[in-house]
Amino acid sequence: MRAIVQDRYGPPETLTLAEVDVPVPSAGEVLVRVEAASVNAYDWHVMRGDPRMARLALGVSRPRARIRGRDFAGRVEAVGADVRGIRPGDAVFGDLGDADGAFAEYVCAPATRVAPRPANLTAQQAAALPLAGSTALAGLCDAGRVGPGHRVLVNGAAGGVGTLAVQLARALGATVTGVCSTRNVELVRSLGADRVVDYTRADFTRGPRHDVVFDLVGNRSLTALRRALTPTGTLVLSGGGGYHGGSLLGPVRLLLRGRLLAPFVRHRILAPTAAPDRAQLDTLRAHAEAGRVTPIVDRTYPLHEAARAIAHVEGGHARAKVVVAI
């Protein structure tokens with residue numbers, strides 16, 4: 001099968017299209033013929049081994065997982081022993097987590113990380129949902145405890161997570177402020193944001209205060225972000241996807257500072273971790289099929305141009321989701 005492989009850390013040029021063996025599902029796994037796989041900031045961080053501290057988990061000298069990509073949608077080709085409720089031919093979507101391998105024609109995934117894909121979404125839309133959607137759920141529902149009447153601000157509202165977070169916050173009954181660049185104002189407004197702040201023209205940290213600030217960018221200090229909160233508000237940190245610099249900690253620095261500061265202030269400061277398992281995927285499917293959230297696919301690349309797709313996301317030029325069609 002064709003796959004996008006990588007044998008050393010580095011720029012997009014280290015990614016190559018190669019022929020590799022079709023994987024065989026073990027017990028508890030399913031083999032999926034991939035139709036689409038989405039690009040996340042995670043992918044270029046792994047590609048470059050950035051921040052360097054992450055190499056302790058990803059592989060010290062080169063990526064332990066040779067094939068890039070984690071979010072996917074496709075059809076089940078075969079199932080391993082002990083798999084229940086999933087059969088060959090089923091349309092599914094899922095997230096491989098740190099195992100990677102979605103930028104390929106076939107992938108083996110644990111059955112616990114695969115679910116029936118939303119009936120009203122295309123394969124490309126479904127592939128765009130797992131990690132970004134789970135991040136939005138973790139930030140707004142688990143950490144932010146967002147409900148009717150809450151005032152929520154999403155910094156990075158035009159990104160892959162942000163476009164879903166705006167829709168989800170609205171579905172939860174919140175009044176939503178989205179922060180984005182000038183070219184994305186109309187997009188964010190079309191997603192249901194009650195107020196849109198163009199960060200090139202206004203400083204959102206010096207405006208109205210909010211019950212929850214969901215930071216997906218990581219480019220503002222904790223002091224500035226807390227200015228945008230009510231006295232007992234919640235700051236949810238999930239930013240830094242656009243960080244560049246190859247430092248030891250990279251965007252993790254802000255998350256660590258938040259955790260260190262949290263015990264000493266009235267604000268709740270949280271940095272949740274998204275874990276797209278079957279339960280999360282089922283929740284995302286329910287929201288999608290009810291029309292509460294719809295992934296926005298900004299650009300699609302063929303498999304042999306996956307390196308270009310990752311470069312587009314890494315360069316900060318993408319809005320919403322970028323997908324690789326296979």
Side-chain angles (χ1 to χ4, degrees), residues 2-18 20 23 34 36-73 94-110 113 127-135 138 156 159-161 216-218 238-256 271 273-277 301 303-318 321-324 326:
R2 297 180 307 152
I4 298 298
V5 302
Q6 179 182 21
D7 294 313
R8 63 182 176 87
Y9 292 118
E13 291 73 24
T14 61
L15 305 179
T16 59
L17 182 67
V20 300
V34 182
S38 72
V39 180
N40 297 286
Y42 166 89
D43 296 310
W44 71 257
H45 278 293
V46 175
M47 177 186 74
R48 290 190 178 271
D50 178 40
R52 287 194 294 272
M53 184 181 70
R55 299 187 186 189
L56 296 175
L58 300 174
V60 176
S61 60
R62 62 183 180 181
R64 190 173 293 113
R66 191 173 180 231
I67 303 174
R68 297 279 61 78
R70 56 182 292 172
D71 284 353
F72 64 91
D95 182 329
L96 297 167
D98 294 342
D100 274 12
F103 296 158
E105 291 179 311
Y106 293 90
V107 68
C108 274
R113 300 186 74 97
L129 194 52
L131 180 57
S134 294
T135 302
V161 178
L216 299 166
V217 184
S238 187
Y243 173 86
H244 295 76
S247 73
L248 179 64
L249 296 177
V252 178
R253 290 180 299 178
L254 183 66
L255 308 185
L256 292 176
T273 301
D277 56 14
Y301 292 81
L303 179 61
H304 67 273
E305 293 186 358
R308 283 187 58 208
I310 294 179
H312 183 66
V313 173
E314 181 185 13
H317 305 302
K321 293 293 291 186
V322 170
V323 170
V324 174
I326 301 168

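All residue numbers in this chain count up from 1 along the given sequence. Bear in mind the structure is a predicted one, so any value in this text is a computation, not a measurement.
- With contacts defined as side-chain heavy-atom distances shorter than 4.5 Å, the pair Met47/Pro12 qualifies.
- When all heavy atoms of Val34 and Ala104 are compared, the pair lying nearest together is CB-O, 3.3 Å.
- In this structure, Gly69 and Leu96 approach most closely via the heavy-atom pair O-CD1, 4.0 Å.
- Evaluation of the side-chain contact (heavy atoms from CB on, under 4.5 Å) rule for Ala274 yields Leu131, Ser134, Thr135 as partners, not counting sequence neighbours.
- Here the closest non-hydrogen pair linking Asp71 and Ala127 is CB-O, 3.2 Å.
- In plain terms, the two heavy atoms of Ile326 and Ala102 that are nearest each other are CD1-O, 3.7 Å.
- The OG1 atom of Thr16 lies 7.0 Å from the CD1 atom of Ile4; values are rounded to the nearest 0.5 Å.
- Legend: residues meeting side-chain hydrogen bond (donor to acceptor under 3.5 Å, both in side chains) with Asp95, ordered by chain and number and at least two apart, are Arg70.
- In this structure, Arg48 CZ and Thr14 OG1 are separated by 8.0 Å, a value rounded to the nearest 0.5 Å.
- For Pro110, the side-chain contact (heavy atoms from CB on, under 4.5 Å) partners are Thr112, Arg113, not counting sequence neighbours.
- Partners of Asp277 by side-chain contact (heavy atoms from CB on, under 4.5 Å), not counting sequence neighbours, listed by chain and number: Ala279, Gln280.
- Between Leu15 and Val5, the closest side-chain pair of non-hydrogen atoms is not below 4.5 Å.
- Arg68 meets the side-chain hydrogen bond (donor to acceptor under 3.5 Å, both in side chains) test with Gln6, Asp100; sequence neighbours excluded.
- For the atom pair CG of Leu303 and CD of Glu105, the computed distance is 6.5 Å after rounding to the nearest 0.5 Å.
- Take Ala309 and apply the side-chain contact (heavy atoms from CB on, under 4.5 Å) test, not counting sequence neighbours, and it matches Val39, Tyr301, Val322, Val324.
- Applying the salt bridge (Lys or Arg N to Asp or Glu O under 4.0 Å) test between Asp7 and each of Arg64, Arg62, Arg66 identifies Arg66 as the sole match.
- The shortest distance between side-chain heavy atoms of Asp98 and Tyr42 falls below 4.5 Å.
- Val313 is not listed as a side-chain neighbour of Asp43, based on a closest heavy-atom distance of 4.5 Å or more.
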